Structure formats: structure tokens, C-alpha cells
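Model, not experiment: these values are computed from the prediction.
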Amino acid sequence: MKIPGFSSLEEIESHFGVAFKNKNRLNRVIKKHPMFISSYYADLIDWNDPNDPLKKMIFPSVEELNVSGSYDTSGEKENTVITGLQHKYRETALLLVTNRCAGYCRYCFRKRMVGIPTEETVKIFDLALEYIKEHKEITNVLISGGDPLTLPTEVVAYFLEELKKVSHLKFVRIGTRVPVFYPARIYEDSGLLSVFENFSKDKALYVVTHFNHEREVTAEAARSVRALMRSGVSVSNQTVLLKGVNDSPGRLASLMKSLISVGVLPYYVFQCRPVKRVKSHFQVPLKSGWEIVEKAKQELDGFGKRFRYVMSHKTGKIEIVGVIGREIYLKYHQAKDYRKVGRLFKRILTPNAGWFDDLKKPEREKEVVF
């Protein structure tokens with residue numbers, strides 16, 4: 001699929017009449033982690049504003065030369081059972097079906113593989129399918145990448161047709177930022193919508209979008225969401241809390257209100273992971289993050305604040321429940337060890353802690369198990 005867009009500094013300078021500083025250093029970043037900005041998304045950016053939040057998410061920064069952090073913060077390597085198939089949570093299989101996206105987010109937690117050659121994506125789908133068939137505990141499959149909706153429609157159709165035949169699967173999710181970067185791919189492709197509609201007649205299909213700022217919720221994006229819903233697809237959204245993008249109660253609340261207004265249900269707000277070339281300039285401290293989330297919720301109705309604020313850690317999805325003084329209260333919303341699900345516990349909130357591993361364990365820790 002050919003998506004119109006920009007992959008070099010010179011193309012953007014020529015098209016938008018701007019000039020970039022530090023081009024040599026920016027090109028060093030791009031050589032390591034490619035840039036691609038769809039024409040549609042580039043038109044949403046104010047290229048004369050150095051602090052434009054959409055620009056910060058998609059345009060490379062010299063701060064990406066800071067290599068503190070890790071390329072695998074959630075333990076994806078250790079949970080890979082077959083090339084391209086991860087089985088971290090008992091009920092869920094995760095398929096990485098491509099390394100390509102409709103735009104390369106600079107905060108991507110799979111920065112190690114997206115847009116560059118990789119051996120981490122599915123090579124033989126039928127092998128992955130056989131694993132899913134053999135593991136009856138798997139009730140759902142998350143198709144991810146990269147972005148699955150950059151694949152040809154016939155490939156997406158094949159995946160869904162085969163998964164629909166697996167009797168113990170109750171639903172399938174597709175994680176995608178295409179409604180944000182290239183919404184016409186959805187509402188102009190009647191074939192894709194027919195594939196979704198046919199699948200939805202037998203099993204539930206969820207599209208999990210990835211809007212991070214209210215300016216991304218455009219009329220075109222809303223049109224793509226409506227097209228999905230008319231095809232029987234339920235649409236939810238996961239947001240990453242990002243410094244300089246949505247790290248204020250007003251911005252976060254405005255995003256949630258915009259999503260609800262077009263029929264997208266807020267699902268997760270993720271703490272930005274300590275990813276190499278990401279952590280230093282996108283991660284918000286946990287204490288600040290909790291305050292932002294809770295103050296944003298004060299501006300929202302029940303539908304707007306259905307999301308959970310979580311860290312996607314190696315051990316599981318850890319919900320940030322609250323902060324009292326120097327203590328942060330946490331709960332396993334999902335866990336690699338399913339026996340930990342629902343476990344409530346606390347840690348000492350150290351200054352500037354941005355991740356679970358930055359927190360200190362109390363001397364005498366009490367846990368509540370449900």
C-alpha cells in the first residue's frame with residue numbers, strides 16, 4: 001500500500017517552506033530510526049510552532065540521541081513463543097504481523113523493530129494459527145505490529161477468516177493508528193469494511209485506535225470511525241501520556257471528550273515506557289502523571305473516564321490506583337502470572353520515578369489478594 005507522505009527533512013522543508021536546525025544530528029537519528037509522516041498528518045502540524053504537540057510525536061528530535069532506557073521494556077522477547085507470536089497473558093495471543101506503520105511515532109515502544117529490518121514479525125501465519133488452536137485457554141487475539149492496516153486488504157481478510165474458524169476464540173482486536181495518520185484508507189476501502197462486517201457477524205471485532213491529542217480527532221478521523229462502527233466494529237482508544245503533548249489535565253480531558261463525541265471509548269492511558277531514545281524527552285514522572293489523570297477525570301463524565309492509567313511492565317499491566325504522601329498504590333490489572341491479577345500493593349514513590357522499577361519496596365509490604 002502506497003501512503004503519500006514525507007520521509008526526509010528536505011521534502012518537508014521544500015513542501016512547507018521551513019528550515020530545520022541541527023540537520024546533521026537529525027539525520028543521524030533518522031538513519032537509526034526512520035521518519036515517515038503521512039501527507040494528511042503533516043497538514044495538521046503547525047510547522048512554524050517549535051512546540052507543536054503533533055510535530056513532537058512524529059518529527060525526529062536530537063533528544064533521540066540519548067540512549068538511556070531499554071528497547072524491550074515489557075519483556076516481549078521472553079514472551080515470544082513462535083516468531084511473531086507472543087503469549088504473555090493466559091487468555092491473549094499477540095501477533096506482530098508487520099514492521100510498517102502509516103507514520104513512525106517517535107515515542108514508539110517497539111522502536112527496536114518498526115520501520116527497520118526485523119526478524120520479530122510473523123513469518124508463517126499457519127504456525128502461529130496452529131499454536132492458537134492448540135492453546136484452548138486463549139480467548140482473544142490482538143493483531144498488532146507495526147500497523148496491521150498498512151497491509152493489503154486481502155492479507156487482513158486471510159488473517160480474520162482463519163481466526164474466525166477457531167472455536168475457542170471469542171473476539172479479535174486490531175491495534176492501529178491508521179484512523180489518525182491515514183483515515184481514508186478505512187472509509188474509502190469498501191473491501192476492507194466488508195471484511196470487517198463479515199467477521200463481525202460471527203465474532204466480536206474490536207479496533208483499538210491510538211489518539212493522543214484532540215487535534216488528531218478530525219472530521220476525517222471521525223468519518224473513519226463511523227465507517228468502522230457501521231461495519232459492526234467496536235472502537236476503543238489507548239493513549240500514551242506524553243510530555244509536551246497531553247501532559248495537562250485540560251489537554252487530556254479535551255482528548256477524552258473529543259473521542260467520546262465521535263463514538264470512541266477510552267480504554268487505557270499508558271505511562272510512557274522507559275524506551276531507549278524515548279524515555280528522556282517523553283516520560284512524565286508517575287506522581288505528576290497520576291495528578292494529571294485524576295484532575296482530568298474531574299472534568300469528565302462517566303464515559304470519558306472509563307480508562308485505566310497503567311504501566312505495561314514485564315510482569316503485567318499495573319494500574320496506578322492512587323498516591324498518598326510518599327506512597328503510591330498499585331494493582332495488577334493483568335499479569336503474566338495470572339495469580340497476581342487483582343493484587344493490590346504499594347511502593348515508595350521516589351522523586352522523579354517514571355516506571356515501576358524506579359519505585360522502592362516498603363520494608364514491611366502488605367498485599368491484598370482477591
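The backbone N or O of Val245 lies less than 3.5 Å from a partner atom in the side chain of Arg251, making a donor-acceptor pair. A donor-acceptor contact shorter than 3.5 Å links the side chain of Asn246 to the backbone of Val240. Put simply, the side chain of Asn22 never gets that close to the backbone of Leu26: no donor and acceptor are under 3.5 Å apart. The backbone N or O of Lys88 sits nowhere less than 3.5 Å from a side-chain atom of Thr92 that would complete a donor-acceptor pair. Of the possible donor and acceptor atoms, one in the side chain of Asn237 sits under 3.5 Å from a partner among the backbone N and O of Phe211.
Within the 4.5 Å cutoff, no side-chain heavy atoms of Pro183 are placed close to those of Arg223.
More than 12 heavy atoms of other residues, nucleotides or ligands shown are found within 6.0 angstrom of CD on Glu134. Around atom NZ of Lys123, more than 12 heavy atoms belonging to other residues, nucleotides or ligands sit under 6.0 Å away. Sparse packing is recorded around CZ of Phe303, with 12 or fewer heavy atoms of other residues, nucleotides or ligands lying under 6.0 Å away. More than 12 heavy atoms of other residues, nucleotides or ligands lie within 6.0 Å of CG in Asp202, so this atom counts as buried by the packing criterion.
For the pair Lys243 and Tyr107, the cation-pi test (distance below 6.0 Å, angle within 45°) is failed. Cation-pi geometry between Arg185 and Tyr182 is not satisfied (NZ or CZ under 6.0 Å from the ring centre, within 45° of the ring normal).
Considering Phe16, Phe36, Phe59, Tyr40 as possible partners of Phe6, the one that fulfils the ring-ring contact (aromatic ring centres under 6.0 Å, His included) test is Phe16. For the salt bridge (Lys or Arg N to Asp or Glu O under 4.0 Å) test with Glu64, the passing option among Lys32, Arg28, Lys111, Arg25 is Lys111; the others fail.
For the pair Arg273 and Gln283, the tightest heavy-atom approach, listed with the atom from each and the gap, is C-NE2, 3.8 Å. The two atoms that bring His168 and Ile138 nearest to each other are CD2-O, 2.9 Å, heavy atoms only.
The existence of a salt bridge linking Glu294 and Lys297 is confirmed by a sub-4.0 Å separation between a basic side-chain nitrogen and an acidic carboxylate oxygen.
Trp47 and Met35 fall within a single hydrophobic cluster, where Ile, Leu, Val, Met, Phe, Trp and Tyr are joined by side-chain heavy atoms under 4.5 Å apart, directly or via other members.
In this model, a donor atom of one side chain and an acceptor atom of the other lie less than 3.5 Å apart for Gln271 and Tyr309.
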